[in-house]
> 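My questions will all concern the structure given below.
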Amino acid sequence: MNAGGEVVLDLQKVSLSFGGVKALTEISFDVREREIRAIIGPNGAGKSSMLNVINGVYRPQQGEIVLRGQRFTRMTPYKAARAGMSRTFQNIALFRGMSVLDNIMAGRNLRIASNLFQQAIWWGPARREELAHRERVEQIIDFLEIQHVRKTPVGRLPYGLQKRVDLGRALAMEPSILLLDEPMAGMNVEEKQDMCRFILDVNDQLGTTIVLIEHDMGVVMDISDRVVVLDYGRKIGDGIPDDVRANPEVISAYLGATH
Amino acid sequence: MLYRENGQFKTTYAADQQTFPIAQDRWAILAILAFAFLGVPLFVDEYLLRAILIPFLILSLAALGVNILVGYCGQITLGAGAFMAVGAYAAYNFHIRIEGLPLLLTLLFGGVAAALVGIVFGIPSLRVRGLYLAVATLAAQFLTDWVFLRVPWFTNYSSSGSVSVANLQILGWQIAEPIDKYLFCLSWLTVFALLAKNMTRCAAGRQWMAIRDMDVAAEVIGIRPMVAKLSAFAVSSFFVGIAGALWGFVHLASWEPAAFSVDRSFQLLFMVIIGGLGSIMGSFFGAAFIVVLPIALNQFLPALGRLLGVTVSTAGVAHAELIVFGVLIVFFLIKEPHGLARLWSTGKEKLRLWPFPH
Amino acid sequence: MGFFFETLIGGLMAGMLYSLVALGFVLIFKASGVFNFAQGAMVLFAALAMARLSVWIPECLGIDGRVLGNTLAFVVAGALMFVVAWLVERFVLRHLVNQEGATLLMATLGVAYVLEGVGTSVFGTEVYKIDVGMPKDPVLILEGSFEGGLLINKEDFVAALVAALLVALLALFFQKTSTGRALRAVADDHQAAQSIGIPLGRIWVIVWFVAGLVALVAGIIWGSKLGVQFSLATVALRALPVVILGGLTSVPGAIIGGLIIGVGEKLSEVYLGPYIGGGIEIWFSYQLALVFLLFRPQGLFGEKIIDRV
């Protein structure tokens, strides 16, 4: 738990609507260096929209994203990736036709320096580079304990392993900020424990800032440093887990209703 | 028992990242190449070369190109024939307009011209995909059909509308006899197949496949769709363009735009479907299949007809060919969307375990 | 001025035939999400069947009289189109439920090949006439407005009338019948439609059959004007830009798109052709479609933005 770093990501009055439907209304919050920041809320609260706004998949009608002092009014996924953000997906968006190894290697894309000609020739810079990246990717594979499936097409893997590969691909980018979209959805207890361990290790060992969306309240309260609570696209709570748990508005909107 | 990788332990990533990580594959490829370069010339006759081997080699090269675009990058094209035409006519114009340009460069420039046109007609892929893109590529097809038919500059004001090249040579090697043509095309194909294999297993290939499989996720990990798609169009058109130039210069020697009509585009697409989308090997299988099938039917159907006591006319054979093609395409799409290449790899998988499958 | 209008009307007439072919595309796309490349082959197949049957049936049955012969031929040809629809569903579509659009498109290319092959081996490859007794004589109209009036074929009028009738019937069918509603549901989502108990297979047979009938009508009009021959199969390629222009899901779009393309082709050929060389008809419409793809991918009347990146 390292809650005291400086602000790396600051969202300022972000509003997003689809047609006439408001998904997010003037949401502001910040994320500090090396912390685990959770976004929670009941179904349809706008959690996923929030994440999609942060890394530029959706473009908010209003508001700004400040990333390490740099202002983005029009964030795109590519810019976000360049700025050191990576993410996983709620309903796993892996490259189904590719092997586990290739999926994670694809995460190294921004670090590839060789050009198409060098790659076509293979011997020389492209080969050296591939091998260096392979080495790095193998470390991630070791870390996530998926050595045994490294050459298997991801489409053939069970759900829990696919989630790990998804995380692996995000880690391969060596992000400074990692966005996790319901990393534990649909998992059994054992798989959840594994995933928790990975998240905490990443945060601890690599010093990666983590923003995560999660349904499982218990897990969220255990691992996160600070929590934002959304309801119907509005922010109704923000603070350390204990404060949020005691917030009456949060209890009535979310905790009281479902737990 | 022979085909297995037991005992081939890889101690470095370099060994695991080779073009052909399994030793038997390496030897098999070397043996096939040796046979193709040294063995085949010993026994083939002219018919075999002209009717089967040379078309097979050139169309394999084109199919490789189409497979990069359709199979690896997932961008469907019905305009491959157009890029063959661009390659052929561009090479022709370099040939006649630049005195003494070496043949190698002429053909390469043809490919480059095709790549440039490919990029232009690849632009719609940034906006639309799937069947819409197919229509956009047809636009390329019909435009080039017309340009090479009606704009006399491209055919050097030839009165018949057809163009011809003669006297091909590289460093004194006259490429005149079918056997020379065969070796010439084989060399191109060997080099380009290797290049394609390398690209598809490197960063470029991963970018293309990422776009094919899940374009949103691809962008999130920092792949720019524009770069990935247009580079696929460029590389694909380059391959197809060179194949077109070879088809014109080496195979036909004298040709008209009809040689690169929309039928050719369909044919190339079928090659990669039947051979296997997203497989280098599949491109060869597909090309072989489509080149050999009509010839085989030509031999087989009249014989079958005689057996049953009916005469099968040549027109009848042509119709039967259409039907067989159609049925096969549907069959492959339903039963084996990964084509002959998948059958091949399933076979290899079985062979690895044989004779103890459990 | 008179010449301009004659070109215009010629274009409208050609465009109407494109519209009919495009209509077949739209019907099948709406109901199954399949971009049916075989529509041209279906037109060829239907027209060949009609042309040959209208000769064979009177010969076999020994009946005389064009009307009866043609009616019988029409019924049998229609039945054949039903068989085609059933076979396509049974052996192709059923196995490709919920596949990607591109896969389905390639499958219909296969279907097109089979139809062309079967059609030509059964019915022959020569140029055949279909004679359904369309009036052939030209008439002069609007003599008061223009000097010399406008020279128009009566045949074209009849054809236009038939086409309009067909479109009206189809619109009724889609909007007012429960089958039409089911068709639209299937178009939205194969699996969802199945789960609420819409028999997917039967719907597909129906819609392919209807598209087959449209192809038959288009084939008859085309055949009685220009004769039936193998090149008719390529009409699908001519009609593709029409559906892009009009919007893949819109029946009015197919009609208006067809007319625009028909007129555009003729006018560009006549007025633009001399400057840049003849034969620009085909690519002109494709470039027009390309512009639409870039700036308005859903076409003029398309319902929604489909398949955008």
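Residue numbering restarts at 1 for every chain, and letters A, B, ... go by the order of the sequence lines.
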> Taking atom NZ as the centre, does Lys22(A) end up with more than 12 heavy-atom neighbours from other residues, nucleotides or ligands that are less than 6.0 angstrom away?
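No, the 6.0 Å shell around NZ holds no more than 12 heavy atoms from other groups.
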> Dump the intermediate steps for side chain to side chain donor-acceptor pair (under 3.5 Å) on Asn109(A) and Gln207(B), then the final yes or no.
CA-CA 8 Å; Asn109(A) 181 60; Gln207(B) 285 192 0; 2.7 Å; yes
> Calculate, to the nearest 0.5 Å, the distance between atoms CD and OG1 belonging to Gln119(A) and Thr200(B) respectively.
10.5 Å
> Hey, what do you get for CG (Asn103(A)) to CD1 (Ile221(B)), rounding to the nearest 0.5 Å?
8.0 Å
> Measure distances from Ala218(B) to the heavy atoms of chain A and classify the residue's part below 4.5 Å as side chain, backbone, both or neither.
both
> Considering only heavy atoms and a distance below 4.5 Å, find which of Glu219(B), Met199(B), Arg224(B) pairs most often with chain A.
Arg224(B)
> With a 4.5 Å limit on heavy-atom distance, are the side chains of Val235(B) and Leu116(A) in contact?
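In short, these two side chains touch, coming nearer than 4.5 Å.
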> Distance check, rounded to the nearest 0.5 Å: Asn198(B) atom CG versus Phe117(A) atom CZ?
14.0 Å
> Examine whether an atom of Ala80(A) lies under 4.5 Å from a heavy atom of chain B, and if so say whether it belongs to the side chain, the backbone or both; otherwise answer neither.
neither
> Can you tell me if NZ on Lys350(B) sees more than 12 non-hydrogen neighbours from other groups inside 6.0 Å?
no
> Can you tell which of Met105(A), Arg108(A), His133(A), Arg96(A) has the highest number of heavy-atom pairs within less than 4.5 Å of chain B?
Met105(A)
> So, do Trp122(A) and Arg201(B) sit near enough that their side-chain heavy atoms are less than 4.5 Å apart?
yes
> With chain B, which of Ala120(A), Ala81(A), Ala170(A) has the greatest number of heavy-atom pairs at distances under 4.5 Å?
Ala120(A)
> What part of Tyr78(A) gets closer than 4.5 Å to chain B, counting heavy atoms only: side chain, backbone, both or neither?
both
> So, for Ala93(A) and Ala217(B), which heavy atoms are closest and what is the spacing to 0.1 Å?
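For Ala93(A) versus Ala217(B), the nearest heavy atoms are O-CB, 3.2 Å.
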> Quick check for you: to the nearest 0.5 Å, what is the distance between Leu131(A) atom CG and Thr12(B) atom OG1?
8.0 Å
> Please check if atom CZ in Arg68(A) has more than 12 non-hydrogen atoms from other residues, nucleotides or ligands closer than 6.0 Å.
yes
> Under a 4.5 Å heavy-atom cut-off, does chain B meet the side chain of Glu135(A), its backbone, both or neither?
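Both parts, backbone and side chain.
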> What's the verdict on side-chain contact (heavy atoms from CB on, under 4.5 Å) for Phe95(A) and Met214(B), showing C-alpha distance, side-chain angles and the deciding distance?
CA-CA 6 Å; Phe95(A) 309 125; Met214(B) 188 68 72; 3.8 Å; yes
> Sort Leu101(A) into side chain, backbone, both or neither according to what part of it lies under 4.5 angstrom from a heavy atom of chain B.
neither
> Nearest 0.5 Å, please: how far is SG in Cys202(B) from CD1 in Ile112(A)?
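Going from CD1 on Ile112(A) over to SG on Cys202(B), the span is 7.5 Å.
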> Measure Asp102(A) against the heavy atoms of chain B and call it side chain, backbone, both or neither at under 4.5 Å.
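For Asp102(A), heavy atoms of backbone and side chain both lie under 4.5 Å from chain B.
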> Give a yes or no on whether a salt bridge exists between Arg206(B) and Glu130(A), defined as a side-chain N under 4.0 angstrom from a carboxylate O.
yes
